[in-house]
There are 2 protein chains.
Amino acid sequence: MKKPQTQPTKLTISYDEYLIKFRKLLVSLKLNNSTQREYVLKLFFECQEHLTADEVVLKLKQKFNITIGIATVYRILSFLEQMKIIKSLTLENETSKKYEINLKTHHDHLICNECGDVIEFYDSELERIQELIAQEKGFVLTNHHMILYGICEKCRR
Amino acid sequence: MKKPQTQPTKLTISYDEYLIKFRKLLVSLKLNNSTQREYVLKLFFECQEHLTADEVVLKLKQKFNITIGIATVYRILSFLEQMKIIKSLTLENETSKKYEINLKTHHDHLICNECGDVIEFYDSELERIQELIAQEKGFVLTNHHMILYGICEKCRR
DNA sequence: TTCCCTGCAAAGGATTTGCATACAA
DNA sequence: TTGTATGCAAATCCTTTGCAGGGAA
């Protein structure tokens, strides 16, 4: 059987365009803009990794040499998540939530237990089966969490 | 395409047999037995739900009228998880880990966002595809977490 | 001027740890 | 008797909240 697997594709948008959209969103919600919010957004845009709140503080210091209080970071993360600009995931054996920007098309994660490497993938067959299972049980799916854990090629050597 | 979906099956073993196995395990690890450990085991055996550490304390009081310190419960949960007697899962929007006994064959979860109802299912096609994806990326799978979230039939009315 | 946003520090919840005591073998 | 397990309280880690001051429109 042909397996229709693909890489998740990154939506092509520049940071400037992205920022304009973001500012419009804030206006439409009657919210103020702030340097802090824009820096966090910029960080996630540039560094497309999975970051914890602590790591956001750290990276902001490293990359832009600015300091934002951890409370503010948490508030911004919640806001961005509600707006679906970022999304969160909780990994096995890790205590704190990680966040990543939602620029890519929907995808799931494959993680190496040894080196922690994260591979993103999308598989339409998998998605289709999830829908079938849900249907069979009388559910309408809203979302799903799927993380595969294993050992990557490099670490097996 | 035929979808080979089944219910996860419960392994048929009595609590007495189970307890004997458990005691042997402790001996083989040169560990002492304790009333507390056996009660936690019994609880998970009898009440086949997903429980947090707090809920374990509560249920132990309700069902057996015994009190175990929360620290001990956490220590027992870690131990049982290491021994693969129970397994843990972290649900979306919940802060504390839940544990369930590992008596059933491998299965994943489908959860209603409204009523919190948990449906267990096993789908061999899904498992097969996960293996294929891992292979393609050069991974050897060790395990996976998959939780589907949706709204159940009852709650949609 | 009017809210919203931030930073600090304190509070909160979940989990872990140190230590003295109790218990199993 | 010896080492392990428990219970309590304190500590820790992550996250949230209250509040006073700073900033955006």
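Heavy-atom basis, side chains included; hydrogens, waters and symmetry copies ignored. Predicted model, so just to flag it, every value in this text is computed and none were measured.
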Could you check how far [atom1] of [X] sits from [atom2] of [N], rounded to whole Å?
X	N	atom1	atom2	result
A/Glu94	C/dT15	CD	C1'	16 Å
B/Leu29	C/dA25	CG	C1'	15 Å
B/Glu38	D/dT6	CD	C1'	15 Å
A/Asn93	D/dC13	CG	P	17 Å
B/Leu77	D/dT6	CG	C1'	15 Å
A/Tyr39	C/dT6	OH	C1'	16 Å
B/Leu25	D/dT4	CG	P	16 Å
B/Glu81	C/dT16	CD	P	10 Å

Q: Classify every nucleotide of nucleotides 15-25 of chain D by which part a protein heavy atom approaches to under 4.0 Å, writing B for the base, S for the sugar-phosphate alone and - for neither, in 5'-to-3' order.
A: BBBB----BSS

Q. If you measure only the distance, is there a donor-acceptor pair under 3.5 Å linking the side chains of B/Ser96 and B/Asp54?
A.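 There is no such pair (donor and acceptor under 3.5 Å, judged by atom type) between the side chains of B/Ser96 and B/Asp54.
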
Q: Find which nucleotide of DNA chain D each of B/Gly69 and B/Lys30 is nearest to by heavy atoms, and output the residue with the more 5' nucleotide.
A: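 The residue closer to the strand's 5' end, by nearest nucleotide, is B/Lys30.
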
Q | Heavy-atom pair with the smallest gap, counting every atom of A/Cys152 and A/Cys115 | A |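 Smallest interatomic distance, heavy atoms only, reads SG-SG, 3.9 Å.
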
Q. Could you give the distance from CG (B/Leu77) to CD1 (B/Ile86), rounded to the nearest 0.5 Å?
A.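 Taking CG in B/Leu77 and CD1 in B/Ile86, the distance rounds to 4.5 Å.
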
Donor-acceptor pairs under 3.5 Å, side chain of residues 41-53 of chain B to any protein atom, not counting sequence neighbours: which ones?
unit_1: B/Gln48; atom_1: NE2; unit_2: B/Phe45; atom_2: O; d: 3.1
unit_1: B/Glu49; atom_1: OE2; unit_2: B/Lys59; atom_2: NZ; d: 3.4
unit_1: B/His50; atom_1: NE2; unit_2: B/Glu100; atom_2: OE1; d: 3.3
unit_1: B/His50; atom_1: NE2; unit_2: B/His109; atom_2: NE2; d: 3.2
unit_1: B/Thr52; atom_1: OG1; unit_2: B/Glu55; atom_2: N; d: 3.2

**Q.** Pairs flagged by side-chain hydrogen bond (donor to acceptor under 3.5 Å, both in side chains) wherever residues 70-87 of chain B is involved - sequence neighbours left out
**A.**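 Residue pairs with at least one partner in residues 70-87 of chain B: B/Glu81-B/Ser88.
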
Q: Would you indicate whether B/Lys154, at its atom NZ, is surrounded by more than 12 heavy atoms from other residues, nucleotides or ligands within a distance under 6.0 Å?
A: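 No - once you tally the heavy atoms of other residues, nucleotides and ligands closer than 6.0 Å, there are 12 at most.
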
**Q.** Short side-chain N/O contact from B/Gln36 to OP1 or OP2 of C/dC23, under 4.0 Å
**A.**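 Indeed not, no polar side-chain atom of B/Gln36 lies that close.
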
Q) Is any NZ, NE, NH1 or NH2 atom of the basic residue among A/Glu125 and A/Arg128 found under 4.0 Å from an Asp or Glu carboxylate oxygen of the other? A)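 A salt bridge links A/Glu125 with A/Arg128.
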
Q.
Under 4.0 Å, heavy atoms only, any strand: does B/Thr90 hit a base, just the sugar-phosphate, or nothing?
A.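 Since no nucleic acid heavy atom lies under 4.0 Å of B/Thr90, the category is nothing.
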
